[in-house]
Structure formats: structure tokens, C-alpha cells
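Residue numbers begin at 1 in each chain, while the letters A, B, ... track the order of the sequences.
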Number of protein chains: 2
Amino acid sequence: MPVLDAVAAAPSAPAFSPLYQQIKALLLQRLQAGEWKPGEMIPSEMELAARFKVSQGTVRKAIDELAQENHLVRRQGKGTFVATHAEERTQYRFLRLMPDDGGGNPPQTRLQRRLLECRRMRAPAEVARALEIKSGEAAVQIRRLLLHAGEPVVLDEIWLPGPLFKGLTADKLSSWRGPMYGLFEAEFGLRMVRAEEKIRAVAAAGDDAALLAVAAGTPLLLVERLSHTYGDRPVELRRGLYRTDRFHYRNELQ
Amino acid sequence: MPVLDAVAAAPSAPAFSPLYQQIKALLLQRLQAGEWKPGEMIPSEMELAARFKVSQGTVRKAIDELAQENHLVRRQGKGTFVATHAEERTQYRFLRLMPDDGGGNPPQTRLQRRLLECRRMRAPAEVARALEIKSGEAAVQIRRLLLHAGEPVVLDEIWLPGPLFKGLTADKLSSWRGPMYGLFEAEFGLRMVRAEEKIRAVAAAGDDAALLAVAAGTPLLLVERLSHTYGDRPVELRRGLYRTDRFHYRNELQ
DNA sequence: TAGTGGTCTAGACCACATC
DNA sequence: ATGTGGTCTAGACCACTAA
């Protein structure tokens, strides 16, 4: 069987992997390289099979895994598309806040955003470490408030590596409709692929308490999120303070 | 193609579903019925294929999904086994607490348990509603403390439907080594399949503060977990108070 | 009607575990 | 050597979408 050149040429070939895993890696490379942009259709299974000289079933298994990991979206009768945070289906994929009443899944549409700050500055040491950039390098700091029915619910502080987000301004941010990750895709070609969150309970203090309209000392959820793009490259650090008097963080365990 | 009788006979057949989904449903039924117990091996793919009169590939797809949903565990060369909470691999599958330092995945082995209470009583209205039993029906209440290096970290209050857990005593609980869900499997034939958690930040108060050795008013994570067995039947309500000064709740978003 | 993904089959061969 | 799951193929047919 003809070994796949691009993989065979990879630095320090890792022993052995099934064909479909090699195909998957190739597709991931091309996604990362931006060959197909978020929302675009990728070639059909038959065409990819022909291109890679494997059977359709092998391509299918590779695509199945990529679809399951939220890189691709399959649509029967139409084709397979690059996943995007700008869609209805995936909107607020990363926001796990739920209203206490709201039965089941009424998503947090009608969350009003209020931009508090957007400025470029040198990254503090802690931020630089998380984003894997040099301490003191340029970074973008964003602070914003999410409100529900006029009441503040979430106070976000967001840190982005400066060089990757050239041209990001308060204007661009506040005029953008839809999820912030959609803006990142459209303007900066950066797709968030995975995130990890560390959740703690903390006491509201100072400015934060005032902005969230709670008394100092009120328990709040502190959600520290580190989001990654392709290749496990961290590109966003987000510290969110959540009021949980009318909302809660929902998690499904399997 | 010979339709699968057991499925065809199901009440109000739901239009149409692929063959492998029907096989999956049949396997789930047998798991639920206890035909194969946790940790046991199920018949080989070939045998199931023969039994159901479908191809091996169709059985494979059904098993693949069940494995992915943590009902089954595949082991190459050995067979396919019913998943269990008593294994190393899945131990503490539902406990997301991580030490703040601890690098990556050192799991919370060396969490010491201290049983505070285990008694039978009438279920309070709120508990009954969650467990879908009648208000005032028999229930088991368990309270326990998890400690790390002598320091209290988690205070759990657990509610179980009384009839399902006949014979559960404080002795059985405190003498059991390994995860509590392992005991539930071994003694009561109840496998936890899925759980949902609602997380909030609350202030420590009264007894709870004392037991966790924190000052009243200290922010704590309140984790309300509802665990389900087969057929989405709720069988455990757990309210955990987590100290998050040295630990955090970790979540992966994809 | 043509093109796409979705299902199902049958058979060959590989990798792993056990005897 | 045997039995298990894992990979790969080739081809048939179904279900959905759009022109």
C-alpha cells in the first residue's frame, strides 16, 4: 500500500498509526493551514478518497472522528463543513451558564453585552505564562459585562496575545453581532478548538462587586478558561466572575 | 431483511431507525436487565452478529457507540466488557476536583473518607421531586467528609431511594474500599450511567462551615449532582460543598 | 436527476492476549 | 494455534438536498 508521503515525511515518524489516523492528521493539517475556512465545505468523501488513494470507508472514519471532536460538521445530502462558532447550533458552545428556572435548554440568548475596556498593554507575568508568550510582550485586555434582564450576571476579563489580534479595537468588538469567537474566526482566522476551565468559589471584592451589583463578600463563581486553537496552542485566557443567585453552571458527566 | 422482533414489538414503534441503532437498543435492554453484570464480558462481535442475523460491521457500530457512552469497554484481544465504576481507569469518573498544584492528572487517590451519617428517613419534598419518588417515601441519607492530608475538602450529602438500597448500612459503607459507585454496583446492581451537575457559589454557614474547618461566610462551591441509571432513571441526589482554596473543579470543553 | 452523506454487507488481513 | 477486537476494502443501496 502506498504510504502517505506527507506523513512519512513528518519529523520523527511515531512508529505506526492506522491509515485513517494518518488521513485525519492530514485533514487537521489542512484545516490548520486554512485551506478550508470556517463554514466552508470540504471536498466530498469520494474525492478525498481518490486524492489520498484510500477507500471511502477510511476517509469516512477519519471524518467521523473530526466531526465528533467538533472540527467538522456533517450534513446529509449537502456535504461536510468546517465547524464555526458563528452558527446557531454551536453558539455559546463554551458558555455553560443556565437560568435556575428555565426548564431545560433555553439558551442564554438575550444576554446583553456591555464592553468596559479594550486596550493593548504588556502581558503580566501570570497571563504571559498561561498564553505561552514572553512576559511583557504585547497583549490585548478586554473587560466586559454580561447582563440578563438588566441585571449583571457575568464579569469577564479576557487576555489575548497582541500579535495574533492586530487591529482588534473596542469599536470592532462592540459593533460585532454574535459570539466573540465568531469575530475571532472572521477577522483573525483563529478557531477555538478546545478549552479547559478551572472553577472556584471566591468572595466579591472592590470594583468587581460594584460592577456585578453585589455586596462585597458575596460568593461568586470564578471560571478561569484557557482556550486553544489547532496544535493545542493557547490563544485566550478568560477570567469570568459569575453571579449564581439566579443562574448556575451546568455540567454533564458521562 | 428480517426485522428484529423485539424492536418491532416495542410499544408504538418510532417510525424508523437504522439497524445498528436497533441492535444498540437491544444491547442496552440486556444491560439494563442485568443479563451481563458490570465487569463481565459480553459475547463476541461475531456471536452477536450471528445471534441478531446481521453483519459483524453492524454489531461493531452499535458496540462502538455504547463504548463511547461508557456503557461498554473494548479490550483488543480480550473482548468487550460491561463498564464498571470499580476499575482503576474509571475510578472517580464523576469527581472533577483537582489539586491546584499537582501538574496535570494526578487523580485524587489518597482522599480520606469520614462517614458522618447514614440513616433512613422520609424523603423531604425537594429530594423526592429530584429522585422522582413520592414525597415522604423512604430514603437513605448519607453525610460524609472527604479529607486531603488531614484537611477537609468536600462535605457530601447524599440521598438515595430507600427501596432500591435495602440493606445499606453505615457499616457496609465505611468498610467498603473503593468508589461508592462500585458498592452500588456490587451490592444493589445499580450502575450509574449519566449525571448532571449544577454548580453555584455559596457562603459557608453553621455546621457545614465547622465541618469544613472554615469561617462562616467563606465562599464554597455547591455542586448538586443528579445521577441516573439505565432508562434515565434518577437514583442519587448528591449535594457537595467543596473548599476551593487548594483545589478546583476542572472541566474540559470541546 | 445528480451529488452528498448514511447504512449495510462480506471478506481479507492485522494486532493483541491467551493457552 | 486460536479467538478476540481493529483496520481496510469494494460495492450496493438508502436518505436527504438542491437544481
Side-chain angles (χ1 to χ4, degrees), chain A residues 1-4 7-8 13-27 36 39-83 87-89, chain B residues 1-4 7-8 13-27 36 39-83 87-89:
Chain A
M1 131 206 3
V3 168
L4 298 167
V7 168
F16 164 83
S17 73
L19 243 191
Y20 77 89
Q21 289 284 5
Q22 301 177 38
I23 305 290
K24 183 181 167 188
L26 285 177
L27 292 175
W36 311 299
E40 283 183 15
M41 184 178 145
I42 71 170
S44 76
E45 295 179 349
M46 289 301 272
E47 185 179 334
L48 289 171
R51 192 182 296 185
F52 293 135
K53 299 221 188 70
V54 299
S55 80
Q56 186 195 7
T58 301
V59 170
R60 170 173 292 274
K61 187 149 185 184
I63 291 181
D64 277 347
E65 291 204 354
L66 289 171
Q68 202 195 330
E69 293 163 16
N70 292 121
H71 293 288
L72 299 174
V73 176
R74 319 195 71 149
R75 283 198 249 275
Q76 181 172 151
K78 293 197 198 169
T80 300
F81 300 79
V82 181
E87 295 172 29
E88 190 92 17
R89 210 190 61 78
Chain B
M1 134 205 2
V3 168
L4 300 167
V7 167
F16 163 83
S17 74
L19 243 191
Y20 76 89
Q21 289 285 4
Q22 301 178 37
I23 304 290
K24 184 181 167 188
L26 286 178
L27 292 174
W36 311 300
E40 283 182 14
M41 184 176 142
I42 72 170
S44 75
E45 296 179 350
M46 290 301 273
E47 186 179 334
L48 289 171
R51 191 182 297 186
F52 294 135
K53 299 222 187 71
V54 299
S55 80
Q56 185 195 9
T58 301
V59 171
R60 169 172 292 273
K61 188 149 185 184
I63 292 181
D64 277 346
E65 291 204 354
L66 289 171
Q68 203 196 329
E69 292 163 16
N70 292 118
H71 293 286
L72 298 174
V73 175
R74 320 195 69 148
R75 283 198 249 274
Q76 180 170 150
K78 293 197 197 167
T80 301
F81 300 79
V82 181
E87 296 172 29
E88 189 93 18
R89 210 190 60 78

Below 3.5 Å, does any donor atom in the side chain of Arg60(A) face an acceptor in the base of dG6(C), or the other way round?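 Checked by distance alone, the answer is yes.
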Measure the distance from [atom1] on [X] to [atom2] on [N] and round it to the nearest whole Å.
| X | N | atom1 | atom2 | answer |
| --- | --- | --- | --- | --- |
| Asp64(A) | dT4(C) | CG | P | 17 Å |
| Lys24(A) | dT7(D) | NZ | P | 11 Å |
| Tyr20(B) | dC14(D) | OH | P | 18 Å |
| Ile23(B) | dG6(C) | CD1 | P | 20 Å |
| Gln21(A) | dT7(D) | CD | C1' | 11 Å |

Which distance, rounded to the nearest 0.5 Å, do you find between the CD1 of Ile23(B) and the OG1 of Thr58(B)?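 Rounded to the nearest 0.5 Å, the CD1-OG1 separation comes to 7.0 Å.
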All N/O contacts under 3.5 Å from nucleotides 9-13 of chain C to the protein, with atom names and distances to one decimal?
from, atom 1, to, atom 2, distance (Å)
dT9(C), OP2, Ser55(B), N, 3.0
dT9(C), OP2, Ser55(B), OG, 3.0
dT9(C), OP2, Thr58(B), OG1, 2.3

Side-chain contact test, heavy atoms from C-beta onward, threshold under 4.5 Å: evaluate it for [X] versus [Y] and give yes or no.
| X | Y | result |
| --- | --- | --- |
| Ile42(B) | Phe81(B) | no |
| Tyr20(A) | Ile63(A) | no |
| Leu27(A) | Leu48(A) | yes |

Counterpart residues, side-chain hydrogen bond (donor to acceptor under 3.5 Å, both in side chains), relative to Gln56(A) (two or more places apart):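 Partners of Gln56(A) under the side-chain hydrogen bond (donor to acceptor under 3.5 Å, both in side chains) test: Glu45(A).
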So, using side-chain hydrogen bond (donor to acceptor under 3.5 Å, both in side chains) as the criterion, who are the partners of Lys61(A) when residues are at least two apart?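 side-chain hydrogen bond (donor to acceptor under 3.5 Å, both in side chains) list for Lys61(A), sorted by chain: empty.
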Please enumerate all residues that pass side chain to side chain contact (heavy atoms under 4.5 Å, CB included) together with Gln21(B), with sequence neighbours excluded.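 Only Ser17(B), Pro18(B), Lys24(B), Glu65(B) meet the side chain to side chain contact (heavy atoms under 4.5 Å, CB included) criterion with Gln21(B).
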For Glu47(A), side chain to side chain contact (heavy atoms under 4.5 Å, CB included) partners two or more places apart: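 Counting only residues at least two positions away or on another chain, Glu47(A) forms a side chain to side chain contact (heavy atoms under 4.5 Å, CB included) with Pro43(A), Ser44(A), Arg51(A).
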Under 3.5 Å, which N/O atoms of the protein pair with N/O atoms of nucleotides 1-4 of chain D?
from, atom 1, to, atom 2, distance (Å)
dG3(D), N2, Gly77(B), O, 3.0
dT4(D), O2, Gly77(B), N, 3.3

Report yes if at least one side-chain N or O of Lys61(B) is closer than 4.0 Å to OP1 or OP2 of dC8(C); otherwise report no.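 No.
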